[in-house]
Amino acid sequence: RLVQGRVPCKFNLIPFNPFPESGLARSPRARIVAFALEGATGNVVWTQYLDPGPVPSGFAAPTPMVSGGRVYLANPMAGQVVALVMLDGTVAWKTAVTGTAGLYAWGPGTLVNGGRLIQPVGGDLYTFNATTGAVLKRYTVGGGFIYNHPTVLGGTLYSGNSYGWVLGIPLSDVTGD
């Protein structure tokens, strides 16, 4: 069904891409710019430049996770997971993370009950407090998670990885609950 008229919200319209800092030449310290678009007009509502850093080999920006008035995304350039306020783009929190060297393909995160964010970082699954950004657990799997979006069904997290594995991991193993 086609929605007509003004759409008063921004929903899953927050793509982000790395942009070089110096014109058309690729900068050794690139930044990700997150931005929100107004759904009915396509006008830019806000932009937020994330911390810069070197572009990892094989980098591909994952889809942001949007929920509960927050936008959760990975910033592999600076080695961070970031939460932005959906209405204005301000940084709610950013948490430093470390990934396995050479595995810079970070997939999108997923939220689970209890306010926990599970974010793939290289070959690891980090669990964060979605409100504060505190790391609750790091679960090592191996292989990158590019194009493999973790999905939770019941008490199991399902995903694939760059090793070609199809994974079904008890959610409690990932979150530490």
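Index from 1, following the sequence.
Considering every non-hydrogen atom in both Pro150 and Thr110, the closest pair reads O-CB, 3.7 Å. The nearest pair of heavy atoms linking Gln119 to Pro108 is NE2-C, 4.1 Å. Glu38 and Thr41 make their closest contact through OE1-N, 2.9 Å (heavy atoms, listed as atom of the first residue, atom of the second, distance). Nearest heavy atoms, Pro120 versus Gly109: CD-CA, 4.1 Å.
Here the side chains of Leu84 and Trp46 are in contact, with some heavy-atom distance below 4.5 Å. Met86 places a side-chain heavy atom less than 4.5 Å from the side chain of Val66. For the pair Leu117/Val81, a side-chain contact is recorded, criterion being any heavy-atom separation below 4.5 Å from C-beta on. A 4.5 Å side-chain heavy-atom check between Phe128 and Tyr72 finds every atom pair outside the cut-off. Annotation: side chain of Asp51 is in contact with side chain of Gln80 (closest heavy-atom distance under 4.5 Å). Here the side chains of Val174 and Val152 are not in contact, with every heavy-atom distance at 4.5 Å or above. Side-chain contact check for Ile169 versus Val141: some heavy-atom pair is nearer than 4.5 Å.
Remark: Asn113 engages no residue in a side-chain hydrogen bond (donor to acceptor under 3.5 Å, both in side chains) (not counting sequence neighbours). With sequence neighbours excluded, no residue satisfies salt bridge (charged side-chain N to carboxylate O under 4.0 Å, His left out) with Lys137. Judged as a side chain to side chain contact (heavy atoms under 4.5 Å, CB included), and not counting sequence neighbours, the contacts of Thr131 are Asn129. Contacts of Thr151 classified as side-chain hydrogen bond (donor to acceptor under 3.5 Å, both in side chains), with partners at least two apart in sequence or in another chain: none. Residues satisfying the salt bridge (charged side-chain N to carboxylate O under 4.0 Å, His left out) test with Asp173, not counting sequence neighbours, are none. Partners of Val44 according to the side chain to side chain contact (heavy atoms under 4.5 Å, CB included) rule, which considers only residues two or more places apart in sequence or in another chain, are Leu37, Thr47. Contacts of Arg70 classified as salt bridge (charged side-chain N to carboxylate O under 4.0 Å, His left out), with partners at least two apart in sequence or in another chain: none. Residues that satisfy the side chain to side chain contact (heavy atoms under 4.5 Å, CB included) test with Ser67, not counting sequence neighbours, are Met65, Leu111. Every residue meeting the side-chain hydrogen bond (donor to acceptor under 3.5 Å, both in side chains) condition with Thr175, not counting sequence neighbours, appears here in chain and number order: Asp177.
The line from OG1 of Thr127 to CZ of Arg138 is 12.0 Å long, rounded to the nearest 0.5 Å. For the atom pair CG of Leu157 and CG of Leu171, the computed distance is 6.5 Å after rounding to the nearest 0.5 Å.
For residues 152-164, there are no salt bridge (Lys or Arg N to Asp or Glu O under 4.0 Å) pairs, not counting sequence neighbours. Pairs passing the salt bridge (Lys or Arg N to Asp or Glu O under 4.0 Å) check and including a residue from residues 140-155, sequence neighbours excluded, do not occur.
For Tyr126 (side chain) and Thr98 (main-chain N/O), a donor-acceptor pair under 3.5 Å exists by modelled atom type.
Linking Ile, Leu, Val, Met, Phe, Trp and Tyr residues whenever their side-chain heavy atoms come within less than 4.5 Å leaves Ile118 and Leu136 in two separate clusters.
The hydrophobic cluster around Leu153 extends to Tyr158, counting ILVMFWY residues whose side-chain heavy atoms fall within less than 4.5 Å of a member.
Relative orientation of the Tyr163 and Trp165 rings is perpendicular, given thresholds of 30° and 60° on the angle between their planes.
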